[in-house]
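Data block below; observations after.
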Amino acid sequence: MLIDPMETQLPADPVKAIERPQVVTQSLLYLDGVSVSFDGFRAINNLSLIIAPGEMRAIIGPNGAGKTTMMDIITGKTKPDAGDVIFDGQVDLTQLDETAIANLGIGRKFQKPTVFEMHTVEDNIEMAVKADRTVFGTLFSRHSAEIWRRVDELLGIVRLGDHRKRLAGDLSHGQKQWLEIGMLLAQDPKLLLVDEPAAGMTDVETGATAELLKDIARTHSVVVVEHDMGFIRELGVKVTCLHEGSVLAEGSLDQVSADERVIEVYLGR
Amino acid sequence: MMLTRFLFERIDRGGWVFLVLLGLAAVLVPVLNLAVPPGSMFHVSNTAVGLWGKYMTYALLAIAVDLVWGYCGILSLGHGAFFALGGYAMGMYLMLQIGPRGVYAHPTLPDFMVFLNWTELPVAWWGFSSFPYAMLMVALVPGLLAFVFGWFAFRSRVTGVYLSIITQALTYALMLAFFRNDMGFGGNNGLTDFKDILGFNIQSQTTRAVLFSLSVLALMAGYLVARAIVTSKAGKIIIAIRDAEPRTRFLGYRVENFKLFVWTVSAVMAGIAGALYVPQVGIINPSEFSPANSIEAIVWVAVGGRGTLVGAALGAGLVNFAKSWFTGAFPQGWLFALGGLFIFVTLFLPKGILGTFTDWWKRRGESRKPPTASPASQPAE
Ligand SMILES: Nc1ncnc2c1ncn2[C@@H]1O[C@H](COP(=O)(O)OP(=O)(O)OP(=O)(O)O)[C@@H](O)[C@H]1O
Ligand SMILES: [Mg+2]
């Protein structure tokens, strides 16, 4: 009796057959002239950013610079007032909702770790593992050895194997961060948006997180937001500094941290 | 085969106890009512059969409410509407069975239509003299209404209090509509004076005992379906939606489809409950749509234990048992008692009776185990 409106709901074809310049078609993520205001306050102001396929990029910037809001725009949580957001050289993300964008292959870890607290650690991962996501597919899905092998593997990667039967809500802050990274990996996205993965972690955990991200970046494109400069240095990738909703500086960490304006607004002297 | 496995493979111990007890009741109550003479201490009175049969339909409604509220976080203050619509569909069938035996002795039209000087059956009533058609409508009308309502509400992401308020408005609007004579459903008198069902006299004690058993079977079926849903992988997603809806979207699940699914299943369940309720109480009128009824169903679930299914059914039984006692002793006091009960449960038993009991039982089990048997609780730092 129920029809599954899953496929029918996408707004007018986001993959328009329009000719796009090469700079767009060759980038994994292309933001151009993006702006968004909340009650007159411009949180993102004419922002442009390009992520190449396979690239890992670190984003820094003071509180309120718009880093999280940028991720909200990419993942469909916030609709921009103006500008282009193009994924994979052709898909206009501004026309899609969160679910469609997630299924295109963009995964996200939130600044405040968000896991399903009433589910066990392993169930959190299981729900994230790439598989049929329709109502009836999940309703009648049977125990799949393949999926659970993947769950085991991921639990190993994020070192939560010993905690798999615990409720996610009972984990420490750092463990929740790792669980969320595990869920992100389980989705096997093309692009990972990771918002402050090291927040609330000990130095040892932070180091391990950096290692993990570098490992992930070998096979995925990653955008990481962090305030921890040691962590950014550890990653050793191109850095973009945001300020008041637009790009203030871009380059290697040394270049960016030598920039007068970056020192002024962010690093302090 | 597939279906049996789907329905039965994930029942837990409490669930089996519940099913076995219900199964026993479905068999024993009619026997003790019909075959044991009234003088015997084992005799079950006619009143008790009627009363508990009614509670079984309430329990099914409670399971329907728990499915959406306890598991998916949708606080419906309008589930009474689906219950009443199922009841009306059954009532319409029963009305047309009266035939020429009405007060006005009209060959086809129910009395209230003759009284309104109508000459033919309104379109909405066509087909209702057929039992299979009426049973189809019992499921289809609430299901379709829920589907359309849910389609718009969940797609526009109406949640929380706002959603609760519109569900309440829905049932209120239906109540006002059904009160009107020109709606063609009997106005404020509703549908009553039923004579028979499938040719059996609706007043006869045998029919009533059968209706009791059918209500118990429907409750068991409702439990099985709800349990199968909530323990499936879809059930995990549904609970995830309850706890962190936006996060579920970012994992790539279409939240609105999952909500629409449980919402519609739940409405159909409520409709079936209503259809079993009407022949047992002998009347359906617009007051069944009254917002207070829907709120009462929420209290049953809260008292029994949200998100436990069995608890919801238990809560429906207990609260209604208390209600029939209370309305006998202090007729004016019931609403205050109900409100007080809700506040008490919210403050002191947030997990309801069954949830609290289960916690206590687990803790008791754990404290009996030797302390060494708690692995996996050291943080891995
Ligand atoms: N939904 C919203 N409504 C109103 N204002 C918002 C909203 N989202 C973000 N803002 C504002 O936009 C600005 C940018 O916020 P954002 O969270 O993107 O900053 P950030 O760079 O992630 O900062 P932090 O380092 O503290 O996480 C802030 O001033 C914030 O208050
Ligand atoms: Mg932020």
Side-chain angles (χ1 to χ4, degrees), chain A residues 1-2 4-6 9 75-77 97-108 110 114-119 123-124 126-128 130-144 159-166 169-172 174-175 180 183 186-187 189 202 204-205, chain B residues 2-3 5-6 9-10 71 73 136 139-140 143-144 146-147 150-151 154-155 157 225 228-265 267-268 307 374-381:
Chain A
M1 185 186 61
L2 277 170
D4 203 330
M6 178 109 192
Q9 272 312 298
T75 54
K77 187 178 174 203
D97 68 359
E98 301 96 316
T99 310
I101 292 173
N103 286 322
L104 274 179
I106 299 184
R108 173 171 188 185
F110 289 79
T114 330
V115 295
F116 302 113
E117 312 234 322
M118 300 296 285
H119 286 85
D123 281 352
N124 268 272
E126 187 216 353
M127 285 192 282
K130 206 172 186 174
D132 189 339
R133 268 155 163 61
T134 61
V135 173
F136 293 103
T138 50
L139 186 62
F140 298 110
S141 90
R142 310 215 37 90
H143 181 94
S144 151
R159 304 176 190 181
L160 289 171
D162 292 344
H163 304 274
R164 59 187 304 157
K165 297 288 181 198
R166 287 176 74 193
D170 294 340
L171 296 180
S172 72
Q175 287 170 330
E180 214 184 350
M183 290 161 73
Q187 289 174 260
T202 63
V204 180
E205 286 173 325
Chain B
M2 275 279 287
L3 187 71
R5 198 162 68 174
F6 177 67
E9 73 181 343
R10 291 179 299 251
Y71 291 89
L136 187 68
L140 210 60
L144 209 63
F147 187 84
W151 176 278
F154 302 140
R155 208 144 287 267
R157 302 199 181 171
V225 169
I229 292 174
V230 302
T231 53
S232 71
K233 187 170 175 188
K236 289 182 192 172
I237 312 302
I238 287 162
I239 297 170
I241 291 171
R242 176 192 71 189
D243 295 340
E245 178 171 334
R247 189 72 184 88
T248 322
R249 292 183 204 280
F250 288 110
L251 277 188
Y253 290 100
R254 275 228 168 265
V255 166
E256 54 273 31
N257 292 359
F258 283 85
K259 284 186 169 177
L260 191 57
F261 171 71
V262 272
W263 176 252
T264 308
V265 169
V268 170
S374 64
S377 52
Q378 274 82 41
E381 245 129 17

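As a basis for the values below, the full set of heavy atoms in this structure was taken, side chains included, without hydrogen atoms, waters or symmetry mates. In what follows, chains are A, B, ... by sequence order, proteins preceding strands, each numbered from 1. From a predicted model like this one, the values you see are computed outputs, not experimental measurements.
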Who pairs with Asp132(A) by side chain to side chain contact (heavy atoms under 4.5 Å, CB included), at least two apart in sequence or on another chain?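 So Asp132(A) forms a side chain to side chain contact (heavy atoms under 4.5 Å, CB included) with Thr134(A).
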Return the minimal non-hydrogen interatomic distance between Thr99(A) and Tyr253(B), and the atom names on each side.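 Taking every non-hydrogen atom into account, OG1-O, 3.2 Å.
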Using side-chain heavy atoms (C-beta onward) and a distance below 4.5 Å, is Arg249(B) in contact with Lys77(A)?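 Heavy-atom side-chain distance check fails, nothing below 4.5 Å.
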Applying ring pair (Phe, Tyr, Trp, His ring centres under 6.0 Å), can you list everything that pairs with Phe110(A), at least two apart in sequence or on another chain?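 For Phe110(A), the residues satisfying ring pair (Phe, Tyr, Trp, His ring centres under 6.0 Å) (neighbours in sequence not counted) are Phe250(B).
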Please classify the contact between Thr231(B) and chain A as side chain, backbone, both or neither, with a heavy-atom cut-off of under 4.5 Å.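 For Thr231(B), there is no contact with chain A at all, as no heavy atom is under 4.5 Å.
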Side chain from CB out, backbone as N, CA, C, O: work out which of these in Phe6(B) comes under 4.5 Å of a heavy atom of chain A, or both, or neither.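 Side chain only.
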Flag the one option from Pro246(B), Ala228(B), Ala244(B), Ala240(B) with the top tally of heavy-atom pairs under 4.5 Å to chain A.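 Greatest number of close heavy-atom pairs with chain A: Ala240(B).
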Ignoring hydrogens and angles, tell me if any N or O in the side chain of Arg133(A) forms a donor-acceptor pair with the backbone of Leu251(B) under 3.5 Å.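 The answer is yes, because a donor-acceptor pair under 3.5 Å joins these two groups.
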So, taking the atom named CD1 in Ile237(B) and the one named NE2 in His119(A), what distance separates them when rounded to the nearest 0.5 Å?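 Taking CD1 in Ile237(B) and NE2 in His119(A), the distance rounds to 7.0 Å.
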Quick one: NZ on Lys236(B) to CD on Glu126(A), what's the gap to the nearest 0.5 Å?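 One gets 3.5 Å once the value is rounded to the nearest 0.5 Å.
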Best-contacting candidate, Asn124(A), Val115(A), Thr114(A), against chain B by heavy atom pairs under 4.5 angstrom: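 Maximum pair count with chain B is reached by Thr114(A).
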Less than 4.0 angstrom from a charged side-chain N to a carboxylate O is my criterion; do Glu180(A) and Arg247(B) meet it?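 So Glu180(A) pairs with Arg247(B) through a salt bridge.
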One thing to verify: whether Asp97(A) and Arg254(B) come together as a salt bridge, which I'm taking to mean a side-chain N less than 4.0 angstrom from a carboxylate O.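 Salt bridge present between Arg254(B) and Asp97(A).
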Audit row: Ile239(B), Phe116(A), side-chain contact (heavy atoms from CB on, under 4.5 Å) steps and yes/no: CA-CA 9 Å; Ile239(B) 297 170; Phe116(A) 302 113; over 6 Å; no
Could you look at Ser141(A) and say if it's the side chain, the backbone, both or neither that has a heavy atom under 4.5 Å from chain B?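 Side chain only.
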Part of Glu117(A) within contact of chain B (heavy atom distance under 4.5 Å):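 No part of it gets close to chain B.
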More than 12 non-hydrogen atoms from neighbouring residues, nucleotides or ligands closer than 6.0 Å to CZ on Arg5(B), yes or no?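 Count not over threshold, so no.
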